[in-house]
Amino acid sequence: HTTHTHTHTHHHTITIDILNFCGDNYHPYPVSCAHAVLQAGLEEPLIRDEIICQLIKQTTPTNHVSWDKVIQLMNDNAQLVALQYNNNIN
């Protein structure tokens with residue numbers, strides 16, 4: 001149950017950070033929001049799929065979000081996961 005609560009908290013924070021980074025919500029330092037999302041993905045492997053799902057939701061026609069920002073964050077997420085995977089192999 002603790003893992004579920006912790007994951008739910010991460011889900012809520014990730015959603016807000018993605019909205020802030022993509023410009024849906026104002027945040028004075030949107031890059032810090034992107035960093036928080038990436039850090040959450042590194043710390044909680046179970047949340048990585050949720051990050052991708054939230055980013056995909058940002059690309060729906062009703063959202064006026066720059067595709068560039070979503071693709072950038074997805075790319076950064078994939079690179080960090082690959083880097084972590086390579087570090088675990090070595």
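In what follows, every heavy atom counts, from backbone to side chain, and hydrogens, waters and symmetry copies are set aside.
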Partner set under side chain to side chain donor-acceptor pair (under 3.5 Å) for Gln39, not counting sequence neighbours = Glu43

inquiry  = Hydrophobic clusters here meaning ILVMFWY residues chained together by side-chain heavy-atom distances under 4.5 Å, can you tell me if Ile47 and Phe21 are in one?
reply    = yes

ask   = Considering residues at least two apart in sequence or located in another chain, which fulfil the side-chain contact (heavy atoms from CB on, under 4.5 Å) criterion with Ala36?
value = Asp17

query = So, do Leu38 and Leu73 sit near enough that their side-chain heavy atoms are less than 4.5 Å apart?
reply = yes

task = For Asp49, look at atom CG and say whether over 12 heavy atoms of other residues, nucleotides or ligands are found less than 6.0 Å away.
result = no

ask   = Do the side chains of Leu55 and Val37 join up, straight or via other hydrophobic residues, at under 4.5 Å, putting them in one cluster?
value = yes

inquiry  = Let me confirm one number: the CD1-SG distance from Ile14 to Cys53, rounded to the nearest 0.5 Å.
reply    = 11.0 Å

remark   = Distance col, row Cys22:SG vs Gln54:CD, nearest 0.5 angstrom, shows 10.5 Å

request  = Quick one: list whatever passes side-chain contact (heavy atoms from CB on, under 4.5 Å) with His27, sequence neighbours left out.
outcome  = Asn20, Tyr29, Ser32, Cys33

